[in-house]
Amino acid sequence: MEERYPFKEVEKKWQAYWEQEKIFRVTEDPTKKKYYVLEMFPYPSGRIHMGHVRNYSIGDVVARYKTMRGYNVLHPMGWDAFGLPAENAAIQHRIHPAKWTWDNINYMRNQLKSMGLSYDWDREVATCHPDYYKWNQWFFLKMLERGLAYRKKSLVNWCASCQTVLANEQVEQGRCWRCSTEVILKEIEQWFLRITAYADELLEGCETLVNGWPERVLTMQKNWIGKSYGAEVDFPVVGGSEPIRIFTTRPDTIFGATFMVLAPEHPFLSTLITGVEQEEEIRAFIQRVSREDKIIRSAEDTEKEGIFTGRYAINPLTQEHIPIWTANFVLMDYGTGAIMAVPAHDQRDFEFARKYHLPIRIVIHPFEGTLDPQTMTSAYSEDGYMVNSGQFNALPAQEGKERIIEYLEQQRIGQRTVNYRLRDWGISRQRYWGTPIPIIYCSSCGIVPVPYEDLPVELPLHLEFNFGARSPLEESAEFLRVSCPKCGKEGRRETDTMDTFIDSSWYFERYTSAQSRELPFSPEAAAYWMPVDQYIGGIEHAVLHLLYARFYTRVLRDIGLIKIDEPFQNLLTQGMVIKDGAKMSKSKGNVVDPDLMIEQYGADTTRLFMLFAAPPEKDLEWSDQGIEGAYRFLNRVWRLVVGHLKQIKEVTLQEDQMQDVSPEIAALRRKVHQTIRKVTADIESRFHFNTAIAAIMELVNHLYQFEIQPSYRKQALMALREAIEMLLLILSPFTPHIAEELWHRLGHRESLVRLSWPSYKPELAKEEEIMLVVQVNGKVRSRILIVPSLSEEEVKQLALEDERIRTYTAGKKIRKIVVVPQKLVNIVV
Ligand code: ANZ
Ligand code: ZN
């Protein structure tokens with residue numbers, strides 16, 4: 001007998017078999033219910049890491065389980081292959097980004113194959129392939145036609161010495177990552193996608209996802225879209241001609257506006273401060289703050305800092321002169337880039353006012369208690385009624401808000417507005433390794449889209465990759481020079497490439513017909529497969545990727561390619577893989593290499609450990625004992641089945657011979673059917689694989705205890721055969737190789753993948769019941785039926801509730817209850 005599970009041969013054997021037989025290939029089949037399970041595709045960074053292993057193991061269980069449940073399952077895989085790291089590798093290691101990327105893809109594909117994942121590899125996509133990115137360009141042209149793509153000036157990080165735009169990641173402490181020159185902000189023309197046109201729809205769509213997406217992710221999406229209702233109000237400038245327009249969500253607090261703040265980038269600021277006393281100092285402040293990261297600048301806990309401009313505005317309702325400041329916490333790209341500051345009721349304004357000794361005036365009075373501007377330690381932002389607000393005094397804040405807006409509109413000093421935090425999506429990247437934007441600039445015709453029939457605009461690969469700072473596209477005459485499609489004169493190609501988030505915004509639709517040549521994907525195939533039933537990936541994509549994908553799906557719908565609004569019905573965000581309390585990362589030096597684990601323990605063990613150690617949404621702590629434990633368990637399964645092979649190979653379960661069996665056989669069958677019931681329920685209810693596996697382990701323990709009694713030999717073997725077959729079936733989504741091998745050793749010819757998930761027999765899964773004698777003061781008074789798994793407390797409770805017993809205990813004091821397990825309960829009164 002083979003003592004050890006020979007995982008190396010077994011895993012290779014079945015991987016080769018699945019691949020040759022194309023077991024996981026699927027096609028649309030209208031007679032079957034479809035199920036589309038998708039894991040976020042990886043960036044081909046070089047090697048897979050444990051986070052990938054976890055993500056794909058979870059998806060693989062879902063895919064295999066749903067297949068066994070009779071669904072037509074689509075489970076594809078591909079590569080998010082454009083991006084900056086390829087260019088960095090080119091600079092560091094002097095390899096062409098294309099070579100680097102394709103080498104990585106080839107290596108990582110083999111790694112995935114060594115995990116035994118059930119992908120339909122015929123649908124593989126790599127976004128850096130012209131067959132794929134051609135359609136990025138096609139979508140871009142479609143959006144251009146619909147006014148959804150446009151050009152506008154915007155600020156970028158600019159290194160004057162490298163003569164190039166830098167991504168945020170390439171700016172280190174305000175300096176260029178390559179040459180350390182101080183980075184400046186520069187306005188250049190860039191391409192944008194009008195995602196804001198879908199803001200409301202994207203927001204409302206969140207409501208349709210409440211049952212399928214984690215609440216946390218939906219909240220992040222909603223906050224990112226950030227719809228707020230309020231008003232824009234004009235504040236005249238003392239001695240100025242044009243008023244400053246502010247946006248506020250709290251018009252009811254306008255009487256409490258004791259100063260104003262403009263964003264440092266505000267276009268009025270420069271003229272406003274011209275000639276004031278501290279002009280130089282103010283300009284230096286503006287320069288410095290404008291360069292700081294906006295997210296950090298506006299974060300709640302960032303120290304607020306500002307400077308007085310020397311100018312005053314007029315509060316249009318109080319007519320007071322209030323000082324105008326500029327400060328870090330006001331951003332230009334939200335609202336109007338200017339605020340009225342109400343320190344009594346807005347926390348940021350409050351902190352600012354305390355720091356710079358600006359007046360604080362209460363205008364919202366709490367319904368209970370009072371506020372003192374001298375002693376309050378934070379802004380009061382709760383509900384209340386209006387005070388110090390002239391004709392509006394005593395109105396509840398909510399109503400006051402409406403009334404003030406009406407008043408502002410009447411007086412023509414303001415109007416009701418809805419404001420979104422969401423901005424249009426800037427997609428231009430001044431980089432090489434991405435999808436070329438299909439635009440030609442002509443000196444007579446201006447901006448000319450590349451005609452559809454000329455797509456794709458291929459990214460030239462044979463360029464001398466010059467390892468310089470600028471994109472080689474800008475230096476390639478061959479790429480740049482093109483004749484204008486309209487007038488034939490010499491034009492110049494756009495050298496910007498697209499943000500790589502474009503690539504991942506529709507890849508799941510491409511999978512539905514990855515070979516499609518006429519269209520980005522076949523509308524019929526997409527109608528069958530979409531939406532994705534279960535999407536699985538990291539929480540780091542909770543905002544951008546998911547929002548862009550939701551936006552794209554709506555655009556594709558409006559183009560007429562697809563009929564759905566939402567691409568992902570259910571979303572599972574898996575937890576991180578941590579070791580020694582921290583996320584695995586090269587810098588922490590706590591990385592465990594999946595290749596080594598697969599080499600040492602095999603894919604099944606690695607998968608089993610990952611699935612068993614924690615429920616999918618929770619973080620998973622790596623443990624060497626854990627993987628050892630998984631390995632030992634699989635070897636236990638191996639020895640169990642191989643050890644019984646001879647005896648059970650020839651028997652088959654015949655239900656009509658199982659009527660009269662020994663209690664041991666009945667108990668085994670009960671355990672088997674209960675385990676099926678539990679594992680099924682755990683998978684169905686939010687993929688609780690860890691408890692499902694624990695139940696399977698219990699079943700294996702039970703099987704080790706099981707003894708074949710000579711008097712029941714035939715039935716025992718039948719029960720054993722049933723138990724082992726069921727064990728292999730329910731184990732197969734988790735550890736497919738060992739299950740497949742043992743299944744075949746039992747004499748089966750067909751791959752487990754093609755079999756149905758077993759259903760449990762309720763009459764067999766039912767708990768056995770035992771009769772307990774209930775005594776009162778030592779005399780038998782009643783009998784109750786209980787299941788053996790009840791706790792002592794529960795048994796006592798049942799005994800006391802028994803009707804006959806109640807007649808003996810009524811009105812008496814219960815002194816003691818003795819439970820003799822499985823036999824009797826004695827109540828002493
Ligand atoms: C006065 C006020 C009083 C405000 C009050 C709030 C509370 P949300 O809800 O996120 O939309 N604001 C407006 N534009 C800003 C900008 N460009 N940069 C920083 N802050 C800005 O936030 C709207 C509120 O954020 C606005 O309402 C404004 O402060 C501030 F008791 O106006 B409020
Ligand atoms: Zn032209």
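The figures that follow rest on heavy atoms only: side chains count, while hydrogens, waters and symmetry mates do not.
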Does any donor atom in the side chain of Trp433 or Thr101 lie under 3.5 Å from an acceptor atom in the other side chain? yes

Closest heavy-atom pair, Val679 versus Ala695, reported as atoms and distance to 0.1 Å, is CG2-CB, 4.3 Å

By ring pair (Phe, Tyr, Trp, His ring centres under 6.0 Å), Tyr17 pairs with (sequence neighbours left out) Trp14

Contacts of Phe24 meeting ring pair (Phe, Tyr, Trp, His ring centres under 6.0 Å) (sequence neighbours excluded), chain-then-number -> Trp18

Any Leu571 side-chain heavy atom under 4.5 Å of Leu209 side chain: no

Going from NE2 on His744 to CG on Leu728, what distance comes out if it is rounded to the nearest 0.5 angstrom? 11.5 Å

So Leu742 and Leu731, do their side chains get closer than 4.5 Å, heavy atoms only? no

Short side-chain to backbone donor-acceptor contact, Asp60 and Ser118, under 3.5 Å: yes

Looking at Glu741 and Val10, would you say the former's side chain and the latter's main chain have a donor-acceptor pair under 3.5 Å? no

Closest heavy-atom pair and its distance - Arg64, Val753: NH1-CG2, 3.7 Å

Rounded distance [0.5 Å steps], CD in Gln705 versus NZ in Lys671: 11.0 Å

Roughly how far apart are Leu117 CG and Ser57 OG, rounded to 0.5 Å? 6.5 Å

Do Asp624 and Trp622 have a side chain donor and acceptor closer than 3.5 Å? yes

For residues Glu740 and Ser732, is any side-chain donor paired with an opposing acceptor at under 3.5 Å? no

Under a 3.5 Å distance rule, please check whether Glu11 uses its side chain to pair with a backbone N or O of Ala603 as donor and acceptor. yes

Are any non-hydrogen side-chain atoms of Lys766 and Arg670 less than 4.5 angstrom apart? no

Would you say the side-chain atoms of Arg721 pair up with the backbone N or O of Ile648, donor to acceptor, closer than 3.5 Å? yes

So, Asp619 and Lys583, do they make that salt bridge, N to O below 4.0 Å? no

Might you point out which heavy atoms bring Phe568 and Trp213 nearest each other, and give the distance in Å? O-NE1, 2.8 Å

Minimum side-chain heavy-atom gap Ile23-Arg754 below 4.5 Å: yes

Evaluate side chain to side chain contact (heavy atoms under 4.5 Å, CB included) for Lys113 paired with Glu19, printing each intermediate quantity in order. CA-CA 9 Å; Lys113 287 191 171 170; Glu19 184 155 350; 3.3 Å; yes

Counting only heavy atoms not in Lys227, do more than 12 fall under 6.0 Å of its NZ? yes

Qualifying residues under ring pair (Phe, Tyr, Trp, His ring centres under 6.0 Å), relative to Trp757, sequence neighbours excluded: Tyr65

Run through Tyr5, Tyr631, Phe609 and flag the one making a side-chain contact (heavy atoms from CB on, under 4.5 Å) with Tyr601. Tyr631

Any Pro42 side-chain heavy atom under 4.5 Å of Met77 side chain: yes

Distance-only, no hydrogens or angles: does the Trp79 side chain make a donor-acceptor pair with backbone N or O of Glu124 under 3.5 Å? no

What verdict does the side chain to side chain contact (heavy atoms under 4.5 Å, CB included) test give for Val53 and Ile598, after you've listed the backbone C-alpha separation in whole Å, the side-chain angles of each residue and the deciding distance to 0.1 Å? CA-CA 11 Å; Val53 172; Ile598 290 172; 5.8 Å; no

Identify the two heavy atoms, one from Pro567 and one from Ile564, that lie closest to each other, and give their separation to 0.1 Å. CA-CD1, 4.3 Å

Quick test of your reading of the model: are Lys588 and Asp580 salt-bridged, counting only N-O distances below 4.0 Å? no

For side chain to side chain contact (heavy atoms under 4.5 Å, CB included), just list the numbers for Val37 and Leu74, CA-CA rounded to whole Å, side-chain angles, deciding distance to a tenth of an Å, and then say yes or no. CA-CA 6 Å; Val37 51; Leu74 175 56; over 6 Å; no

Can a donor-acceptor pair be found, under 3.5 Å and without considering hydrogens, that links the side chain of Asp80 to the backbone of Pro44? no

One thing to verify: whether Lys678 and Glu698 come together as a salt bridge, which I'm taking to mean a side-chain N less than 4.0 angstrom from a carboxylate O. no

So CZ of Phe521 and CZ of Arg510: to nearest 0.5 Å the spacing works out to 10.0 Å

Which atom names give the shortest non-hydrogen contact between His688 and Pro615, and what distance separates them? CD2-CB, 4.4 Å

Got a donor-acceptor contact below 3.5 angstrom from the Asp533 side chain to the Tyr36 backbone? yes

Looking at Gln221 and Ala542, would you say the former's side chain and the latter's main chain have a donor-acceptor pair under 3.5 Å? yes

For residues Asp565 and Thr553, determine if any side-chain heavy atom of one lies less than 4.5 Å from a side-chain heavy atom of the other. no

Is the number of heavy atoms from other residues, nucleotides or ligands under 6.0 Å of Trp224 CH2 greater than 12? no

Could you tell me whether the side chain of His644 reaches within less than 4.5 Å of the side chain of Leu720, counting heavy atoms only? yes

Taking the basic N atoms (NZ, or NE/NH1/NH2) and the acidic carboxylate oxygens, is any pair closer than 4.0 Å for Glu763 and Arg669? no

Should the heavy atoms of other residues, nucleotides or ligands under 6.0 Å from CD of Glu750 be counted, would the total exceed 12? yes

Atom pair OG1 (Thr573) and CZ (Arg216), whose distance is rounded to the nearest 0.5 Å: 6.0 Å

Ring-face cation of Arg636 near Tyr704 (centre distance under 6.0 Å, axis angle within 45°): yes

Shortest non-hydrogen contact from Gln674 toward Ala765: NE2-O, 2.9 Å

Sub-3.5 Å donor-acceptor pair from the side chain of Arg25 to the main-chain atoms of Asp120, do we have one? no

Would you confirm whether the ring centroid of Tyr511 sits within less than 6.0 angstrom of the ring centroid of Tyr507? yes

Backbone N or O of Thr512 within a donor-acceptor pair of the Arg123 side chain at under 3.5 Å? yes

So Tyr535 and Gln569, side chain to side chain contact (heavy atoms under 4.5 Å, CB included) or not? Walk me through it. CA-CA 8 Å; Tyr535 199 25; Gln569 195 104 57; over 6 Å; no

As a quick check of understanding, evaluate salt bridge (charged side-chain N to carboxylate O under 4.0 Å, His left out) for Arg69 and Glu684, giving each step before the final call. CA-CA 11 Å; Arg69 294 301 305 233; Glu684 291 287 340; 3.7 Å; yes

Decide salt bridge (charged side-chain N to carboxylate O under 4.0 Å, His left out) for Lys222 and Glu207; before the verdict, give the C-alpha distance in whole Å, the side-chain angles of both, and the deciding distance to 0.1 Å. CA-CA 10 Å; Lys222 286 189 244 176; Glu207 298 313 316; 3.7 Å; yes

Please determine, by modelled atom types, if His52 and Gln111 share a side-chain donor-acceptor pair under 3.5 angstrom. no

Any chance the side chains of Arg109 and Asn106 put a donor and an acceptor closer than 3.5 Å? yes

Under a 4.5 Å cut-off applied to non-hydrogen side-chain atoms, are Met597 and Met50 in contact? yes

Test item: side-chain donor near acceptor, His737 and Gln15, under 3.5 Å: yes

So CD1 of Ile627 and OG1 of Thr606: to nearest 0.5 Å the spacing works out to 4.5 Å

